[in-house]
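Here is the structure we will look at, set down as structure tokens.
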Amino acid sequence: MTPRDLLPHIGNLPQGPRNAITDVAGVTVGHCTLDANEVQTGVTVVHPHAGDLFRDRVPAAAVVLNGFGKSVGLLQVEELGVLETPIALTNTFSVATVATAQIRQCMAANPETGRGLPTVNPLVFECNDGFLNDIQRMAVTEQHYLQACAQAGTDVEEGSVGAGRGMSSFGLKGGVGTASRRVAIPAGGEHTVGALVLANYGQLPQLVLAGQVLGARLVAHQAQTAEPEKGSIILLIATDAPLDARQLRRLALRAGAGLARTGSVFGHGSGDIALAFSTAYTVPQQTARPMPAVTMLHDGLIDPLFQAVADSTEQAILHALWQACAVTGRDGHHRNALHDLLPGWPSSSSISPSPDSP
């Protein structure tokens, strides 16, 4: 049993075997982490399936909870309701580089892209890791994206890895977290919902963990500066339930419920974006191939999936914060790890002084 396994289980739905987004069959996750003094950043990639996403697209939809963000590819997702590249996460100034890598990756697999075939829609989400990472170095390269793709698998590392390496949450170390929930819907079958988050948001006094208001207590033990909310969080939801893009947008919206439970108010300077996709079927790129004949889940049966999204999102955020290790980066900037401040939590909520306590 790992320390992660001792954390509170959010909600009353069962988790999948890995308690990760990869419990949705076919989904894999890979990281490339850059950890070199002033450079604390990376790339994380989520593959909805193992095939060619440009040729066999998956249904998807996104919701912008607060639009202070610079992601690429959302406009076409909104219009067409499909993904045609892996989902990439990185820092704000590396979006263009990773998008270029996705385009080159698609052209290598499909040489007629942009000629005999349509152009490809790269999809890259971002958060600003500039407190710990020297973001002006623009250290992420196209090769780093490809490395993350090559390392994708079903075992998902969490915390200060990949795109999460330089992220901060609630004045502490943030990063990548994941979780899953399983639902049994009468007349709708059994389905899995998985969440993966890139947590880089929050004000410490507002922090709530598994229903426990801990932020106000942590403030007394953690050096803080009074600054407005200017972080972000990316919330990715996967499911094997047969849903169309309209229904997936409704699922994505419920990620905001899980986010709010942790103390987020979707602050002015926070880019809070959720995307949901289904692996139940694919949509062909070429018109010569038939469209799928899929019976969608009835809207009246969708509530259990809403709960699964909210619970797995909250659980994934808890995992991101708890699994993150302390990091020192640009100009000596430091973020403490939550598990170092709450070593006995949840059985004990005593707080250990941080090294930079006043």
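Starting from 1, each residue takes its place in the sequence as its number.
The backbone N or O of Gly51 lies less than 3.5 Å from no partner atom in the side chain of His47, so there is not a single donor-acceptor pair. Judged by distance alone, with hydrogens and angles left aside, the side-chain atoms of Ser160 form no donor-acceptor pair with the main-chain N or O of Ala324 at under 3.5 Å. A donor-acceptor pair is defined here as one N or O able to donate and one able to accept, closer than 3.5 Å; no such pair exists between the side chain of Lys173 and the backbone of Leu321. Between the side chain of Glu84 and the backbone N or O of Asn121 there is at least one donor-acceptor pair closer than 3.5 Å. In this structure, Arg254 contributes its side chain and Arg250 its backbone to a donor-acceptor pair below 3.5 Å. Side-chain N or O atoms of Ser270 include none that pairs as donor or acceptor with a backbone N or O of Phe266 at under 3.5 Å. Using a distance-only test at 3.5 Å, with no hydrogens or angles considered, no donor-acceptor pair links the side chain of Thr33 to the main chain of Gly42. For Thr85 (side chain) and Gln102 (main-chain N/O), no donor-acceptor pair under 3.5 Å exists by modelled atom type.
In this structure, Thr119 and Phe54 approach most closely via the heavy-atom pair O-CE1, 3.8 Å. The heavy-atom pair separating Leu65 from Leu259 by the smallest distance is CD1-CD2, 4.1 Å. For the pair Phe277 and Pro48, the tightest heavy-atom approach, listed with the atom from each and the gap, is CE1-CB, 3.5 Å. Between Glu190 and Ala184 the shortest heavy-atom distance is CG-CB, 4.1 Å. What you find for Arg4 and Thr178 is that their closest heavy atoms are NH2-O, 3.0 Å. Shortest non-hydrogen contact noted between Ala179 and Ser312 is CB-O, 3.5 Å.
Under 3.5 Å, the side chains of Asn110 and Thr113 contain no donor-acceptor pair of N or O atoms. Residues Gln15 and Asp23 have side chains that never bring a donor and an acceptor to within less than 3.5 angstrom of each other. One side chain, Asp35 or Gln40, offers a donor N or O that lies under 3.5 Å from an acceptor on the other. Judged purely by distance below 3.5 Å, without hydrogens or angles, the side chains of Arg181 and Asn19 pair a donor atom with an acceptor atom. Donor-acceptor pairing under 3.5 Å is recorded for the side chains of Asp129 and Thr41.
Connection of Ile21 to Leu275 is established within a shared hydrophobic cluster, with ILVMFWY side chains joined at heavy-atom distances below 4.5 Å, either directly or through further cluster members. Follow the hydrophobic side-chain contacts under 4.5 Å out from Leu301 and you reach Leu305 in the same cluster. There is a path of hydrophobic side-chain contacts, each under 4.5 Å, that joins Leu7 to Leu218.
Between the CH2 atom in Trp322 and the CG atom in Leu6 there is a gap of 9.5 Å [rounded to 0.5 Å]. Taken to the nearest 0.5 Å, the CG atom of Leu243 stands 7.5 Å off from the OH atom of Tyr281. Going from atom OG of Ser94 over to atom CG of Leu89 covers 12.0 Å, rounded to the nearest 0.5 Å. Residue Thr239 holds its OG1 atom at 9.0 Å from CG of Leu297, rounded to the nearest 0.5 Å. Note that the CG atom of Asp331 and the CZ atom of Phe131 stand 9.5 Å from one another [nearest 0.5 Å]. The line from CG of Leu235 to CG of Asp272 is 7.0 Å long, rounded to the nearest 0.5 Å.
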Would you list the atom pairs, donor with acceptor, under 3.5 Å between side chains in residues 146-157 and any protein atom, with sequence neighbours excluded?
none

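For Glu78, the CD atom sits in a loose shell: 12 or fewer heavy atoms of surrounding residues, nucleotides or ligands are nearer than 6.0 Å. Arg249 CZ: 12 or fewer foreign heavy atoms inside a 6.0 Å radius.
With Phe125 as the fixed residue, the side chain to side chain contact (heavy atoms under 4.5 Å, CB included) test singles out one of Leu74, Thr44, Val46: Leu74. Just one residue in the list Arg57, His49, Arg55 forms a side chain to side chain contact (heavy atoms under 4.5 Å, CB included) with Thr282, and that residue is His49. Checked options Leu53, Val124, Val29; the residue passing with Pro86 is Leu53 (criterion: side chain to side chain contact (heavy atoms under 4.5 Å, CB included)).
Counting heavy atoms from C-beta on, the side chains of Val208 and Thr262 never come closer than 4.5 Å. For the pair Pro59/Leu248, a side-chain contact is recorded, criterion being any heavy-atom separation below 4.5 Å from C-beta on. Counting heavy atoms from C-beta on, the side chains of Ile87 and Ile234 never come closer than 4.5 Å.
In summary, Arg261 and Asp311 engage in a salt bridge, as defined by a charged side-chain N under 4.0 Å from a carboxylate O.
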